[in-house]
Amino acid sequence: MVIESAPDFETQDLLINVGPQHPSTHGVFRMILEVDGEIVKDLIPHIGYLHRGAEKLCENNDFRQGVGYMDRTEYLASHNAELSYVMAVEALAELEVPERAQWIRMILCELNRLSSHFMFLGAFGVDVGVFGTPFIYAWREREALIDLFEEISGDRMMYAYFRAGGLAWEVPGNFEERVREVLVSTRQGMKDFDNLLTRNEIFLARTKNVGIISAEDAIELGMSGPTLRASGVSLDIRKSEPYMYYDQIDFEVPIGTNGDVFDRYIVRLKEMEQSVSIIEQCLERLNDGPIMPERMPRMLRLPEGQEVYIRTEAPRGEYGIYLVSKGGNKPWRLKVRSACLSNLQALKKMSVGQYVADAIIILGSIDIVLSEVDR
Amino acid sequence: MTSDENVNNTNEEEVSEIAVVDSLDDTIWPLINRVLSSVDVTPERGSIDLITQIPRSDIIRALQILKDHEEVQFNYLRCLTAVDNESEGVDVVYHLYSIPKNINLTVKVNLPVDDKTIGTATEVWEAANWLERETAEMFGITFNNHPDPRTLLMPEDMTDTFPLLKSHPFAEIEILQGELLGYDRENQGDDE
Amino acid sequence: MRGIIKSLATTMSTFIRGPVTHGYPSKHRELPERDRAFPLLLWDKDIDEPFCTGCHACERACPVECMTVIMKDNPNHESQDGNSKRRKIVDEFWIDYGRCMRCNICVEVCNFEAIAMNNTWSGHETSVYDRADLVMDLPQLMAQSKSDEIQEWVAD
Amino acid sequence: MNNGIYGIEIAWLDAVIRLHIIVGLMTVVVMGLIYVERKVLARFQQRLGPTRTGPAGLLQSVADGLKLVGKEDLRPRNADPWTFELAPYMVFIPVFLGFVIVPFAFGMQVRILELGLIYFVATSSLGIIGWVMAGWGSDNRYAMIGGMRAAAQGISYELPLVLSLISVAMVSESYNLNEIVLSQSTYPNLLWQPLVLVIFIIAGLAELNRTPFDIPVGESEVVGGPFVEYSGIRWSFFFLAEYAALFIMGLIFAAVFMGGWAWPLGEELGRGWQILLVTVKTSLFIFLIFWIRASVPRLRIDQLMAFSWKILLPLTFAQVLINGAVLVYDAPLWILTITGLVGIAVLVRLIERAVRPSPAISNEVVTAGNEGAS
């Protein structure tokens with residue numbers, strides 16, 4: 001047998017199917033990687049495995065019933081998802097939300113941002129390859145937060161606690177001390193993560209200069225949230241178009257410089273520190289008062305021919321609700337603008353040319369929740 | 001505007017109120033009107049943002065102007081979706097945001113029921129890619145020249161029915177979950 | 001290398017801090033009062049009959065349509081020489097726990113405070129082998145309240 | 001040299017008996033190791049670990065073993081039958097062969113080989129063939145990537161491992177493990193070879209495919225790599241081999257660097273104490289590996305190769321050269337300690353240089369103030 005000369009040696013790209021059952025696709029995401037050795041040459045994302053038609057369901061449910069479905073579109077930050085929905089209804093029904101309810105909402109949303117970011121840190125740490133430790137650290141802290149949510153709303157993930165006009169019921173009497181107690185453990189958890197990952201050489205080697213996306217590309221692709229801010233775009237809806245009482249709160253928006261995976265990690269970690277400070281400021285201003293408007297109709301009906309697009313800064317970016325009303329007690333059309341869907345579009349741009357292992361952590365760094373992507 | 005003037009003559013107290021409601025001078029409308037002077041635009045006051053109706057033939061050109069024009073720079077496509085108005089056709093809705101100027105704009109295009117085609121906004125923003133794919137499969141809208149016209153959330157072969165149209169039935173949960181899933185044990189047969 | 005040593009120090013510090021988990025099936029966490037598991041019907045001990053009058057309010061308000069209620073005339077009503085003030089009472093009541101999304105709306109709409117969310121562990125440990133077994137009927141829904149196993153919490 | 005344990009003079013029978021003891025020992029040790037790893041890792045992660053089977057979950061490994069034995073032995077339809085089914089043995093047998101030379105106490109080993117260290121290195125590197133076979137034979141793309149990664153990694157880290165052992169052998173002036181241990185009866189080798197100790201641990205981690213070098217089996221990337229299609233008893237062979245290799249590596253570490261069963265202070269110990277001493281030293285190594293596993297992320301394949309060829313290999317070569325110079329010119333051994341420590345400093349510096357080309361982290365993220373966003 002004659003050995004062929006080198007130029008005739010043919011190589012073939014390998015197609016790998018990652019997901020929908022894969023340990024690090026964060027749910028049922030599927031991507032088809034075309035790899036040349038270890039380098040990703042092409043990436044085809046497939047989504048839709050978790051599509052439940054939340055928008056259609058909401059069109060057939062009244063405004064109180066819809067809150068429950070919003071929880072399920074964003075199960076890691078349900079308070080933030082509910083917030084957009086109830087704010088959209090309030091904007092159309094022109095309901096004035098009592099002050100106390102607003103402060104409590106802000107506290108809960110920021111707490112939920114903490115718990116969601118903890119989940120990111122844990123899952124991301126595991127993607128990078130630490131065996132389970134970040135996951136357990138994340139769960140340790142998230143457990144404290146979730147216990148608090150359970151004491152307030154009764155459920156651990158699907159709170160169904162915000163209502164158009166205010167809150168479903170009053171928070172328990174020891175709310176403030178419990179929040180402060182949780183913040184102490186949260187600080188400890190953030191410190192643990194910082195010590196475990198931020199300066200670890202292997203972690204830095206894995207995450208620095210990986211999956212870079214420029215600010216222009218990020219804006220062009222409609223990315224939002226920490227993923228966008230890591231690229232150096234200072235766009236935070238809490239600052240640019242303040243809702244609730246964010247304009248009365250003093251906080252900063254951490255932004256990254258490189259737009260790489262490490263920046264997306266560190267921006268989230270810094271953002272958590274800001275969240276803690278926001279919660280503390282909110283607690284100081286929390287005062288007694290009603291939690292629902294005084295004149296609240298038993299069955300909420302919206303005026304005809306109105307529409308609103310409400311956007312709030314959820315942990316993963318802009319969570320928008322586009323609500324069209326044609327009268328009656330049900331929305332005519334409800335569109336959930338998912339931050340993850342837009343962020344996920346950038347995956348291909350970030351991953352092509354990187355290593356297979358990088359594609360995994362880039363996916364992890366976007367912090368997708370598939371229920372929000374598919375809705 | 002003529003109807004407003006009629007109202008003006010009737011009651012003085014109502015005048016000021018209605019004038020405030022219907023005048024769009026406090027919004028970004030004058031700016032948009034100037035920028036889109038070459039396009040036929042109908043403004044409307046929304047709850048938060050300004051809503052503009054743009055005819056289908058001009059839409060992509062108008063969006064390109066909105067993105068590129070110095071004074072507005074709508075460089076960020078917040079959301080792209082559609083609303084089914086049954087007999088009045090389908091509205092395609094673009095929510096635009098300008099990061100440098102911090103202004104929002106809602107652009108609406110009405111498509112007739114029998115011809116749901118429109119140009120693709122992916123030429124303007126890459127972000128429109130998946131949003132248009134989703135809108136297309138949910139409402140049966142064809143986006144001409146879309147770079148990747150596959151389905152996004154729906155199965156690949158589900159191109160004949162469009163779930164978010166009002167004519168699509170809201171299936172009873174029983175039908176979806178099926179009789180064989182345990183609700184009707186008698187009919188389950190010997191499959192176990 | 002210094003960063004790696006810092007990481008090692010962090011894990012060692014948690015090694016020393018000791019476990020934060022506890023063996024779940026053998027040890028149960030204490031549930032808060034407001035914990036929401038699945039809805040239950042309450043039993044009026046004074047009169048020895050359910051609070052529920054079968055008014056269909058919860059059935060209509062349920063977003064997932066998991067409830068079925070049948071109403072009947074109360075045989076124990078005052079006009080029938082009974083001691084109850086309820087003219088109508090629940091005859092049959094089914095809740096499909098497999099479909100319930102635990103949104104608490106049924107509790108909020110109930111005018112008679114006849115339904116409450118189960119806030120004990122028995123409401124969380126409801127796994128069965130057949131989905132049909134998750135459809136609870138009236139005696140099953142009533143059993144806990146009858147035997148005083150729950151201390152229900154209903155928001156004002 | 002060959003003192004029979006039971007005084008059996010027939011060499012082959014003696015060897016067979018010893019091998020049987022080793023097999024039994026290995027199985028028990030591996031089960032224990034799995035239990036200990038689960039418990040220790042759980043503790044690092046503030047969990048409880050196995051608790052349900054037996055007191056404190058002690059029987060967990062037994063239960064797992066029974067389950068694995070009872071499990072169906074699946075083979076994918078398109079798998080290459082011979083490669084697929086032989087691969088577990090090809091991984092297991094070389095590891096098992098390594099036990100031949102390992103000293104548990106004075107004279108307590110299967111055979112004393114003059115070239116014991118070379119024999120150990122030779123057998124342990126054979127396992128790579130099994131990994132590649134498993135990866136190729138499974139007809140699974142994850143498995144194939146994993147197998148190829150294993151081959152690349154195994155070959156790359158073989159060299160630093162061999163060179164680090166050679167430089168110790170130079171100081172001890174023997175390849176015979178027994179004599180290496182005896183040569184450390186006053187000062188263990190780690191005093192003279194600190195750099196090589198670090199490199200041995202790093203290369204050992206890579207050789208064992210453990211975090212941060214678990215690239216071939218990376219759970220979050222290639223989902224178990226070559227083992228992804230295996231089930232039941234075949235899979236348990238891989239598992240057995242993995243932990244047995246860990247145990248051997250610990251024993252080699254104890255013998256080569258820590259002085260094995262040799263007691264530096266005073267008289268020679270009894271056999272029981274010797275075994276205890278070796279066990280403690282081995283446990284130290286194993287605990288360190290568990291600790292590292294709980295703490296550090298995984299490297300990427302290119303970084304892993306670069307680390308081996310560009311950093312570890314030159315350093316070990318330098319150490320071997322310095323060892324040679326010191327030994328040839330009969331210079332005092334503390335020079336080696338100093339050069340070793342300098343070498344560690346260089347290693348640390350190189351690692352930090354490699355990952356931190358940009359300024360310090362605290363300056364990386366600028367925070368936008370209130371005015372910044374609007």
Side-chain angles (χ1 to χ4, degrees), chain C residues 1-38 40 97-98 100-102 117-134 136 140 143-144 147 149-151, chain D residues 36-57 60 194-195 197-199 201-202 205 211-213 287-299 303 307 311-312 315 341 343-356 360-362:
Chain C
M1 204 62 123
R2 275 174 288 172
I4 293 173
I5 287 163
K6 200 166 183 182
S7 299
L8 290 171
T10 312
T11 41
M12 186 44 90
S13 85
T14 48
F15 187 90
I16 293 160
R17 269 184 250 167
V20 290
T21 57
H22 40 79
Y24 157 60
S26 49
K27 195 178 156 200
H28 285 75
R29 185 175 60 93
E30 201 183 322
L31 289 177
E33 174 192 50
R34 297 184 180 191
D35 179 72
R36 285 207 312 265
F38 288 104
L40 285 177
Y97 279 6
C100 173
M101 68 187 233
R102 301 164 29 239
M117 300 306 263
N118 191 343
N119 55 3
T120 61
W121 273 104
S122 65
H124 290 282
E125 295 165 337
T126 52
S127 52
V128 288
Y129 283 102
D130 188 337
R131 283 193 196 197
D133 293 344
L134 284 173
M136 299 289 165
Q140 282 170 305
Q144 300 233 13
S147 59
E149 278 167 41
I150 68 160
Q151 198 63 46
Chain D
V36 169
E37 161 149 46
R38 292 179 67 168
K39 273 291 190 193
V40 168
L41 269 181
R43 180 84 195 194
F44 272 122
Q45 299 169 353
Q46 301 189 282
R47 291 186 287 121
L48 288 173
T51 52
R52 308 288 298 167
T53 37
Q60 187 64 44
L195 170 68
L197 175 77
V198 173
I199 290 174
I201 291 172
I202 292 173
L205 282 169
T211 321
F213 303 102
F287 181 78
L288 181 69
I289 282 186
F290 291 165
W291 188 7
I292 289 173
R293 186 173 183 203
S295 311
V296 298
R298 183 183 305 125
L299 275 167
Q303 292 161 348
F307 184 55
I311 296 180
L312 289 189
L315 279 174
L341 290 175
I344 291 178
V346 171
L347 180 67
V348 170
R349 186 79 199 108
L350 285 176
I351 293 173
E352 291 184 354
R353 270 270 307 278
V355 297
R356 256 186 237 171
I361 298 153
S362 48

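All chains are named by letter (A, B, ...) in the order of the sequence lines, taking the proteins before the strands, and each is independently numbered beginning at 1. Just so you know, these numbers use all the heavy atoms, side chains as well, and skip hydrogens, waters and symmetry mates. Keep in mind that what you see is a predicted model, and the values were worked out from it rather than measured.
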Q: Please report the shortest heavy-atom distance between C:Thr21 and D:Leu48, naming the atom on each side.
A: OG1-N, 3.3 Å
(Q) Under the rule for side-chain hydrogen bond (donor to acceptor under 3.5 Å, both in side chains), what residues qualify as partners of C:Asp35, not counting sequence neighbours? (A) C:His124
Q: Answer with side chain, backbone, both or neither: which region of C:Thr10 has an atom nearer than 4.5 Å to a non-hydrogen atom of chain D?
A: neither
**Q.** Side chain, backbone, both or neither of D:Leu347 within contact of chain C (heavy atoms, under 4.5 Å)
**A.** side chain
**Q.** Structural part of D:Arg52 lying under 4.5 Å from a heavy atom of chain C
**A.** side chain
**Q.** C:Tyr24 atom OH, neighbour heavy-atom count above 12 within 6.0 Å
**A.** yes
Q.
Holding to side-chain contact (heavy atoms from CB on, under 4.5 Å), I want the full list of residues that pass it with D:Arg293, two or more places apart in sequence or in another chain.
A. A:Phe131, D:Glu37, D:Leu41, D:Arg210, D:Thr211, D:Tyr243
